[in-house]
Amino acid sequence: MYADVILPLPLSGLFTYSVSAEMQDKIRRGMRVTVPFGRRKYYTAVVAKVHRQPPGNFTIKEIHSLIDPAPVVTERQLELWEWISFYYLSSQGDVCKAALPSPMMPADMERGYIQKSEEQFRLNPALDDADISATIQRAPKQQILLDEIMWFLTEHEKDSLSRKEVKELNGYSPVALNGLIKKGILFPFTVEKSRLHRETTSNRTPYPLSEEQQKALDAIQHSFSDKQTVLLHGATSSGKTEIYIHLIDQLLKEGKQVLYLLPEIALTTQLTLRLQSVFGDKIGIYHSGIDDQERTEIWQKMLSETPYEIILGVRSSLFLPFRRLGLVIVDEEHETSYKQQDPSPRYHARDTAIMLAHISGAKTLLGSATPSIESYYNAQTGKYGLVTLDERFGKIEAPLIRLQNTKDLRRRKKMKSLLAPVLMEEINTALENGEQAILFRNRRGFAPMVECTACAWTPKCNHCDVTLTYHKKIHSLVCHYCNATYPLPAECPSCHEGELKTLGTGTERLEEEVSQLFPGAIVGRMDSDTTRAKDSFERIIHDFQENRIQVLVGTQMISKGLDFENVRVVGIIAADSMLNYPDFRSHERGFQLMLQAAGRAGRRDKQGMVIIQTADPEQPIYRFITRNDYVGFYQSQIAERKLFKYPPFTRLISIVLKHKDEHKVEYGATSFARLLKKSLGNKVLGPNKPVVSRIQQLHIREILLKIDHATSPTQVRELIKSTESRLRKNNDFKQILLYYNVDSI
Ligand code: ADP
Ligand code: ZN
Ligand code: ZN
């Protein structure tokens, strides 16, 4: 008997091992095994197939041991892995690695161990100090470790400690620990340990729905009777979340499980509290902020007789084992962070969620105030159901959106600062009334560019083909692609004559200027520079909610699904910069960002105000934004997409090649494209040099495939893979870093 196993390594294909006689009636698909691989190495692997066909003419190794008495990866999960690996052109090993918490897959058996229960150590109570010192005389390392263990136990008021805790002590070495165990000073024992006993109790039932909400809920359920996926297009604050809560409540009553996906960890805090108030400890939270051990425990709980009924998490929670999944909710379905960029598998969590639901016989509900063009198209063409909820809950008025033409204002000398006079006034009024303002700028740092006044020299990164951004707080130039920092030169290194002048505005400069303009107000900033430290994101949000910050300046981070109660005005600075980058999705993104940012304005009893500063107010997109006209915007976009053969009319597969040597990567990309063109013709575009064509010393080329729906996805993928393996035989090609990005965004 043989078993094909998935190794958590970036290698394509499965690996075949023989199964020993005594393992034969125990081993099954989805169980973990340990196998020898490479030189003197052991890995944990997942069994994908058990069969009796002897493999080809190579010597076959035997499975070393079987870890699990029952599968830890379910049949449906394996099916999902296979689909991801096929569709996103990634190895099953990469999928396995992304799916399973790392403690479940220890690589080197000497170091790793399988943790079902946790090993603990306590001191032998029968020995007194004198016995001990007699026993470990002349073993100074053991003495040191023992002292540290005793110190640890006193310090933490415990009578035992875990292997992990022992390992973290300075004096730890395996030899010293074993010595103490052998001498009977330290007693090992195991406990079934769990940290999943957070005591949260529900304290309310779902709120009664408004008439509009009830209609939407009925429509969703009606739609589910013949559609597997439904899109809920509901304005910010229309009460979508409350509808989800009712839906979840019903599913739980039917004994089903619900997966609730969010695009970002940052959003989980607010929602966790809200869901816990209704569902208490039925909810498990799963994201990268949860440590590996706890992720492992959640996985095991999901396999147990009493799994979580609701999982709230980011994209990785798709990989948990669900036994009775009834519904997947994909909130803010338009968010690009649902797409994994790096590393492989580069999957889109929304689309994978739909596949997961399909495999599980469950439904998917997508929700957004600004749906992706693809999802709305699917809803328009009847592939998905569509339910619309226009009004904000409690009949709160939608914010008033106004444009300010900065070019014109500048010409008339009315722009005395970075803010248009109207925006200044609105902020002033807000502050006088004890209300708040949000200012949105899509660039971090102080100034996006530095230039010599005499010769126009601009500093660039040594490793990437990008200009550097000036960050004032650290008085340095920073590369936003590789994070390299450079001191700001005292004089122009090129002409030694001119002055270096900063150009443009980032959030840091905006914050500084706003503080000067409104000296009485506390100004806060939220961007990836101010939220790097643990919990800093939550702290800023909390301060803003508690009115300890009056004006919050930030990047797109602040536009995302957060609830604030007291915001009167939202200003969008340099709005055009969101639209002017060369990508067919730039207008879709700009529209979503601006309307999402607008959604933060005006809650409760007051109408909010949104002011968009643009140098080009005639662009059609602004008409759709000011009228809050999603459908009009969608129609304009879909016509363009059709004309230029972009998704949803085609599927994009991007082939990215990187190498230090520009000639090599150019040669590799050209050969790859030429071979593909033989079969795919003008569906192959490029190779192109991307806008930033060198990052961290690597030159980049990209080939783009635009695949129409008449072409078989399987054939395209087989063609790509066979072409790659053909080229890989060439030595020059071998060293090229190459990856695929399917449905790239
Ligand atoms: P969305 O998810 O569409 O942004 P929410 O569900 O967060 O909207 O609703 C906006 C606000 O209205 C929230 O503060 C929410 O608690 C409140 N709300 C929504 N529906 C109800 C309801 N049926 N009863 C009471 N409050 C509600
Ligand atoms: Zn110069
Ligand atoms: Zn760089």
Side-chain angles (χ1 to χ4, degrees), residues 342 406-407 410 415-418 441-516 525 527-533 553-556 573-574 576-583 586 615 656-667 669 687-702 735-737:
D342 237 349
T406 47
K407 200 170 168 188
R410 239 174 230 121
M415 283 294 281
K416 300 221 164 58
S417 71
L418 294 169
R441 171 69 179 115
N442 212 15
R443 279 303 265 281
R444 66 188 168 96
F446 189 82
M449 207 157 113
V450 173
E451 196 180 80
C452 168
T453 49
C455 74
W457 173 86
T458 64
K460 287 201 165 153
C461 180
N462 292 338
H463 320 289
C464 316
D465 269 349
V466 288
T467 54
L468 299 171
T469 301
Y470 175 59
H471 284 242
K472 189 168 179 180
K473 190 166 171 223
I474 49 171
H475 191 59
S476 303
L477 298 165
V478 179
C479 170
H480 284 187
Y481 282 80
C482 74
N483 287 326
T485 59
Y486 305 83
L488 183 71
E491 55 163 21
C492 172
S494 177
C495 69
H496 303 282
E497 273 171 25
E499 246 180 85
L500 292 179
K501 206 177 69 175
T502 59
L503 297 173
T505 305
T507 45
E508 201 184 5
R509 171 177 270 169
L510 190 59
E511 179 195 19
E512 185 182 281
E513 181 150 332
V514 172
S515 305
Q516 286 159 4
R525 170 159 60 96
D527 55 29
S528 49
D529 294 318
T530 63
T531 52
R532 211 157 281 153
V553 171
T555 55
Q556 64 260 45
I573 312 302
D576 309 318
S577 66
M578 287 177 231
L579 309 173
N580 296 342
Y581 60 98
D583 182 290
S586 67
V656 181
L657 301 97
K658 298 185 180 181
H659 197 277
K660 266 193 182 152
D661 181 338
E662 186 163 13
H663 295 292
K664 280 200 177 139
V665 74
E666 179 73 41
Y667 163 78
N688 295 318
K689 234 173 140 166
V691 181
V692 177
S693 64
R694 191 178 57 121
I695 297 176
Q696 289 184 307
Q697 307 280 22
L698 297 175
H699 291 272
I700 309 167
R701 291 296 181 273
E702 188 187 6
Q735 307 143 359
I736 291 178
L737 195 80

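Bear in mind that the values here come from a model prediction, so they are computed numbers and not experimental data.
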Can you confirm whether P493 sits close enough to W457 that some side-chain heavy atom of one is under 4.5 Å from a side-chain heavy atom of the other? yes

Check the pair L698 / K660 against side-chain contact (heavy atoms from CB on, under 4.5 Å), numbers first and verdict last. CA-CA 5 Å; L698 297 175; K660 266 193 182 152; 3.9 Å; yes

Pairs where residues 472-508 contributes a residue and the test ring pair (Phe, Tyr, Trp, His ring centres under 6.0 Å) is met, not counting sequence neighbours: Y470-H475, H471-H480

Minimum-distance pair of heavy atoms, taken over all atoms of F446 and K472: CE1-CD, 3.5 Å

Any idea which heavy atoms bring V692 and I700 closest together, and the distance? O-CD1, 3.9 Å

Heavy-atom side-chain proximity of C461 to I695 below 4.5 angstrom: no

Is there a donor-acceptor contact under 3.5 Å linking the side chains of R443 and T469? no

Side-chain polar contacts of residues 448-456 - donor-acceptor pairs under 3.5 angstrom, sequence neighbours left out - could you list them?
from	atom 1	to	atom 2	distance (Å)
T453	OG1	E499	N	2.9
T453	OG1	E499	O	3.2

Could you state the interatomic distance from CZ (R694) to CG (N462), rounded to the nearest 0.5 Å? 8.0 Å

Residues E662, R701: salt bridge by 4.0 Å N-O rule: yes

When rounded to the nearest 0.5 angstrom, what is the spacing between CZ in R525 and NZ in K473? 7.0 Å

Would you please say whether a donor-acceptor pair under 3.5 Å links the side chains of R441 and S577? yes

Please report the interatomic distance CD(Q696) to SG(C479), rounded to the nearest 0.5 Å. 8.0 Å

Measuring from atom CG of D661 to atom CD1 of I736, what distance do you get when rounded to the nearest 0.5 angstrom? 9.0 Å

Separation between OG1 (T530) and CZ (R444), nearest 0.5 Å, reads 10.5 Å

With sequence neighbours excluded, residues passing side chain to side chain contact (heavy atoms under 4.5 Å, CB included) with S693: D465, K689, P690

Scanning both residues in full, the closest heavy-atom pair of S586 with L579 reads OG-O, 3.2 Å

Can you tell me how far apart OG1 (T458) and CG (L500) are? Round to the nearest 0.5 Å. 10.0 Å

Nearest atoms (heavy-atom pairs only) where E513 meets L418: OE2-N, 2.6 Å

Should L657 and H659 be marked as a side-chain contact (heavy atoms from CB on, under 4.5 Å) after you check the CA-CA gap, both sets of side-chain angles, and the distance that decides it? CA-CA 7 Å; L657 301 97; H659 197 277; over 6 Å; no

